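Scroll down for the structure; my scribbles are underneath it.
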Amino acid sequence: MSDLVVVEDVGAVRIIRMSRPEKKNALTQAMYAVMTQALREANDAIRSIVIAGGPGAFCAGADIGEFLESAQSGGLRPQTLEFLKALAYNQKPLVAAVGGLAVGIGTTMLFHCDHVVASTDATFTTPFLKLALIPEAASSLLAPMRMGYARAFEMLVMGHPLSATQAREAGIVNKVVDAAAVDDVALKTAQEIAALPAGAVALSRRLMRGHLDAVVRQIDTEVMHFKDRLQSDEARTAFSAFLSRKK
Ligand code: COA
């Protein structure tokens with residue numbers, strides 16, 4: 001178990017909060033495992049889920065130190081894939097509370113959410129190519145569908161960041177609010193969804209996300225290539241450069 005992710009049930013809403021502020025909520029394998037379990041084990045009493053971070057940082061992406069270890073030990077750790085599959089197969093409405101930077105998986109997990117609340121100072125970046133990696137979490141499928149190919153290429157491949165307003169215009173974010181209000185607005189939104197008839201919500205969600213097989217296939221295909229990229233010399237060099245950078 002990791003105490004870097006805190007899971008709390010508030011009535012019918014489960015809150016999954018990444019809590020590693022000193023590393024801007026960069027995700028470790030232990031954190032992925034807790035998040036996976038919290039998604040998978042949400043029973044009938046849980047009718048919506050909030051994924052939250054902290055003030056200033058929603059999530060700085062996967063832990064690059066672990067990327068380097070994985071590269072040296074021959075591949076991606078299974079907890080990452082399990083989390084991606086848990087996100088894809090999750091049947092509960094997901095609300096994200098993005099109170100600051102959202103990097104890598106911090107942004108791509110949002111394509112699996114049903115409602116995203118962001119702070120005015122939130123930024124959305126996917127610097128995969130800078131690390132000699134490729135997009136993951138089925139974002140290579142879901143981002144072009146959501147925001148159109150041109151904007152998706154600029155974000156996913158060119159690594160250009162989006163502001164909260166741009167992310168709203170691109171269809172990733174629903175509401176942009178003051179940083180201090182993000183958690184509250186996200187919880188209220190999750191409660192609003194939780195109060196709707198659960199069976200009808202689940203069915204509507206399934207109908208609207210009707211491409212589950214394609215999403216899971218895309219995750220598997222991306223992971224296959226991601227593993228190779230992870231072990232490439234250019235990726236290892238990029239990881240080492242980040243870890244040894246001078247501030
Ligand atoms: N993996 C591991 N450590 C990370 C991390 C990550 N993805 N993101 C941030 N950290 C660590 C930093 O190394 C730093 O640790 P230190 O204090 O021990 O040196 C700490 O978190 C704070 O980060 P810092 O860079 O000082 O904060 P910042 O506000 O100046 O910048 C980011 C924040 C997120 C822009 C910057 O840390 C960054 O670019 N991180 C890498 C993001 C990334 O590429 N993620 C993977 C995408 S696939």
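Residues take their numbers from the sequence shown, with the count starting at 1. Counting starts at 1 for both ligands and their atoms, in listed order. Since the model is a prediction, treat every value here as computed from it, not as a measurement.
The protein heavy-atom contact nearest to atom 35 (C) of ligand 1 is Leu101 CD2, 4.5 Å. The protein heavy-atom contact nearest to atom 39 (O) of ligand 1 is Phe242 CE1, 4.0 Å. Closest to atom 18 (O) of ligand 1 among all protein heavy atoms lies Lys23 NZ, 2.6 Å. Nearest non-hydrogen protein atom to atom 24 (P) of ligand 1 is Arg245 NH2, 3.5 Å. When hydrogens are left out, the protein atom nearest atom 20 (C) of ligand 1 is Glu22 O, 3.3 Å; that is the closest non-hydrogen contact. If you check which protein heavy atom lies closest to atom 29 (O) of ligand 1, you get Lys24 NZ, 3.1 Å. For atom 7 (N) of ligand 1, the nearest protein heavy atom (residue, atom name, distance) is Ala62 O, 2.9 Å. Of the protein's heavy atoms, Lys247 NZ, 3.0 Å lies nearest to atom 19 (O) of ligand 1.
Comparing Ala102, Gly104, Ala60 against atom 45 (N) of ligand 1, the shortest heavy-atom distance belongs to Ala60. When Pro21, Ala26, Gly65 are ranked by how near their heavy atoms come to atom 5 (C) of ligand 1, first place goes to Ala26.
At a 4.0 Å cut-off, not a single heavy atom of Glu136 sits close enough to ligand 1 to count as contact. Under a 4.0 Å heavy-atom criterion, Lys130 is not in contact with ligand 1.
Taking a cut-off of under 4.0 Å to the non-hydrogen atoms of Pro127, the atoms of ligand 1 that pass are 44 (O).
Polar contact with ligand 1: present for Ile64 (N/O pair, distance under 3.5 Å).
A donor-acceptor pair under 3.5 Å is formed between the side chain of Arg47 and the backbone N or O of Leu196. Within the 3.5 Å criterion, the main-chain N or O of Ala137 finds a donor-acceptor partner in the side chain of His112.
Classification of Lys23 and Asp63 as a salt-bridged pair fails, no side-chain N sitting under 4.0 Å from a carboxylate O.
Enclosure of atom CG in Asn43 by more than 12 non-hydrogen atoms of other residues, nucleotides or ligands within 6.0 angstrom is indicated.
Note that CG of Leu39 and CD1 of Ile16 are 4.0 Å apart. Values are rounded to the nearest 0.5 Å.
Exactly one of Leu230, Thr80, Leu81 qualifies for a side chain to side chain contact (heavy atoms under 4.5 Å, CB included) with Val223. That residue is Leu81.
Residues satisfying the ring-ring contact (aromatic ring centres under 6.0 Å, His included) criterion with Phe67, sequence neighbours excluded, are Phe226, Phe239.
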